[in-house]
*Asks:* 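Before I ask anything, here is the structure I am working with.
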Amino acid sequence: MMIDQATWQEAAADLASGASVFVALWAEPAGDGCVVHLAGRPRGSGDVGVLSLMAHDRHFPSIALHHPGAILMERALCDLHGLIADNTPDPRAWLDHTAAYAFKPAIGPGIHQIPVGPVHAGIIEPGHFRFSVNGETIVRLEARLGYAHKGTIGLMRGQTIGHAAKLAGRISGDSTVAYAYAFACAVERALGIVVPPRAAALRGIMAELERLANHFGDIGAICNDGGFPLMNALTAALRERVLRLSATCFGHRLMMDRIIPGGVETDLTEAAAALIRTTLADLLTQWGRLSELYEKTASLQDRMVTSGRLDPAIARRLGCGGYVGRASGQDFDARRDAPYQPYDTCRFTVPGVSAGDVDARIQIRMTELDQSISLIRDLLATLPTGALRAALPDTPITTGHALVEGFRGDIFAHVRLRDGLVEAAMLRDPSWFFWPALETAIEGNIVADFPLCNKSFNPSYSGCDL
């Protein structure tokens, strides 16, 4: 809905007061100008609304001035479109790494800086971390991103729906199912089509398998950074079993390009369904022993409990969702609060605690592992027969958006379609809110605890470089 600046400022005030939750901020060319879009939802609801403002003379009122969760997205869209956010608290460049860059200062006796990255010793994506420390204590952390920019959203413009769906699934590879799911749901809502019941159930199975694989991997990696590599080796084996199961049943370890607008690309045979059931039973047994090992290892608990605490008030202020938000008292899960097929007919409980530390984020993942196994079993038990996809009608111009719960948290997708082509799109990763949350949570911790704190948030670099 196109609005004036007064209505835009009212929406910003609602974000500042907490009456509404920030979802996304993006822009797109419009003739000789540019239109800025603001997506938000009422607190406690999954109903997302989108407001649009014409940026006259390439200026628009800053949302970040009122809501800190919008700072990174605002910086990114200004760089991508040459816009100026009036009165923004942070006008620094996002993508121009040749320009001078002033990190936030930390001034005081005995404070010095430790630069890390953007090139790291492992195979992780590039990102620069600037630590201000007093001895071993972290006084301030700032993460500088933008090194993994691929121009994915720009590549989607003018493409067929099918080609754009493939690009969506490659925004962040560990969430390829969730991104394809979100994009497909946005397209389907724009076109007013309903996915066949069998396809909807298969989507849910794939989404929960992706959640299982990533949670197994995350839990092990956090424990490894906490000085307990045995846990990492054992959970890596469980993750590998899920990936191999996905490859056997859906033809790809990550199930990339298996969810398409209108339905799914691959069916599940009876033999594959039986294999999933037996594998999940074995995984659940093994996982029970590993979760007990985690709980009873005193040295591991000493590193996890109280480390990297994210205050619930800050999590609320930033709009954190997923395991980060739910570990800090934020009760939101798009599967329940913005229900979509097949979760609109599934029964499950959204876990939540308020401790906000590394251990709390692990506990949320642990509970979700059990629930994902239960959800997959239920979906297999009631798997309908029938078609795998619905036809996509041609329409002159239409828009749609969707929220889908990935393993990190809610992923937002927005599309505008014209004559079978994608005219504009936006996909938002929950990591946009995790990065500033991590910067806040790490203050007061020692440098040696940064790796495990960072991995407990596990924000995506690629998901923020659109």
Side-chain angles (χ1 to χ4, degrees), residues 25 64 67-80 88-106 111-133 137-150 171-172 174 218 221-222 225 307-311 314-315 317-325 328 356 358 361 408-409 428-466:
L25 184 69
H67 182 68
I71 288 177
L72 298 186
M73 249 179 278
E74 189 167 278
R75 288 172 58 192
L77 76 84
C78 286
D79 263 17
L80 287 169
T88 180
D90 193 347
R92 293 174 299 172
W94 177 265
L95 293 172
D96 187 359
H97 291 280
T98 65
Y101 192 86
F103 286 92
K104 298 172 185 176
I111 293 178
H112 64 281
Q113 292 189 339
I114 304 174
V116 179
V119 178
H120 300 280
I123 59 170
I124 65 172
E125 300 165 275
H128 182 92
F129 298 103
R130 183 63 60 94
F131 297 88
S132 295
V133 300
T137 302
I138 299 171
V139 177
R140 167 168 280 169
L141 165 67
E142 183 176 353
R144 187 183 185 193
L145 306 175
Y147 299 92
H149 180 64
K150 308 172 293 299
I171 284 179
S172 188
D174 56 9
D218 276 5
I222 297 167
D225 287 336
S307 294
R309 183 177 184 272
L310 177 64
D311 187 282
I314 295 176
R317 181 86 169 109
L318 291 174
C320 294
Y323 49 73
V324 171
S328 291
V358 173
R361 290 184 283 276
R408 282 190 179 90
R428 187 272 290 151
D429 195 271
S431 301
W432 287 102
F433 312 128
F434 289 7
W435 285 113
L438 172 61
E439 292 177 352
T440 298
I442 199 62
E443 291 181 11
N445 290 259
I446 62 173
V447 174
D449 279 347
F450 172 72
L452 65 92
C453 293
N454 179 31
K455 192 58 183 178
S456 74
F457 281 83
N458 189 19
S460 170
Y461 300 77
S462 181
C464 297
D465 279 328
L466 304 177

*Asks:* Nearest 0.5 Å please: distance from the CG atom of Asp465 over to the CG atom of Leu80.
*Replies:* 9.0 Å
*Asks:* Between Cys453 and Asn445, does the side-chain contact (heavy atoms from CB on, under 4.5 Å) criterion hold? Intermediate values first, please.
*Replies:* CA-CA 9 Å; Cys453 293; Asn445 290 259; 4.2 Å; yes
*Asks:* What distance do Leu141 atom CG and Glu443 atom CD have between them, rounded to the nearest 0.5 Å?
*Replies:*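 It comes to 8.5 Å.
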*Asks:* Looking at Leu310, is its backbone amide N or carbonyl O close enough to the side chain of Ser328 to form a donor-acceptor pair, meaning the two atoms are under 3.5 Å apart?
*Replies:* yes
*Asks:* As an exercise, state the distance from OG1 of Thr440 to CG of Asp311, rounded to the nearest 0.5 Å.
*Replies:* 9.5 Å
*Asks:* Minimum heavy-atom separation for Ala64 to Thr88, with atom names?
*Replies:* CB-OG1, 4.4 Å
*Asks:* Of Trp435, Tyr147, Phe434, which meets ring pair (Phe, Tyr, Trp, His ring centres under 6.0 Å) against Tyr461?
*Replies:* Trp435
*Asks:* Could you walk me through whether Val324 and Phe433 pass the side-chain contact (heavy atoms from CB on, under 4.5 Å) test, one step at a time?
*Replies:* CA-CA 10 Å; Val324 171; Phe433 312 128; over 6 Å; no
*Asks:* If you round to the nearest 0.5 Å, how far is CG of Asp449 from CG of Asn454?
*Replies:*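 Interatomic distance, Asn454 CG to Asp449 CG, rounded to 0.5 Å: 12.0 Å.
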*Asks:* Would you confirm whether Asp79, through its side chain, and Leu95, through its main-chain N or O, come within 3.5 Å as a donor-acceptor pair?
*Replies:*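 Side chain of Asp79 to backbone of Leu95, a donor-acceptor pair under 3.5 Å: yes, one is there.
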*Asks:* Given side chains that start at C-beta, do those of Phe103 and Arg140 come closer than 4.5 Å, heavy atoms only?
*Replies:* no
*Asks:* Do the non-hydrogen side-chain atoms of Arg144 and Arg92 ever get within less than 4.5 Å of each other?
*Replies:*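 No. Closest side-chain heavy atoms not under 4.5 Å.
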*Asks:* Give, for atom CG of Asp429 and atom CG of Leu466, the distance between the pair rounded to the nearest 0.5 Å.
*Replies:* 8.5 Å
*Asks:* Donor-acceptor pair, distance only, cut-off 3.5 Å: does the side chain of Ser462 make one with the backbone of Ile171?
*Replies:* yes
*Asks:* Look at the side chain of Gln113 and the backbone N and O of Arg130, then say whether any donor-acceptor pair between them is shorter than 3.5 Å.
*Replies:* no
*Asks:* To the nearest 0.5 Å, how far apart are CD1 in Ile442 and OG in Ser456?
*Replies:* 8.0 Å
*Asks:* I would like to know whether His128 and Tyr101 meet ring-ring contact (aromatic ring centres under 6.0 Å, His included); could you show each step before the answer?
*Replies:* CA-CA 12 Å; His128 182 92; Tyr101 192 86; 8.6 Å; no
*Asks:* Of all residues at least two apart in sequence or in a different chain, which pass the side chain to side chain contact (heavy atoms under 4.5 Å, CB included) check with Ile114?
*Replies:* His112, Val116, Phe131, Val133, Val447
*Asks:* Where is the tightest heavy-atom contact between Leu145 and Gly127, given as atom of each residue plus distance?
*Replies:*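 In terms of heavy atoms, the two residues are closest at CD2-CA, 4.4 Å.
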*Asks:* Check whether any side-chain N or O of Glu142 sits under 3.5 Å from a backbone N or O of Lys104 as a donor-acceptor pair, and report yes or no.
*Replies:*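 Yes; judged by distance alone, with no hydrogens or angles, the pair exists.
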*Asks:* With a 4.5 Å limit on heavy-atom distance, are the side chains of Ser172 and Arg408 in contact?
*Replies:*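 Side-chain contact under 4.5 Å: yes.
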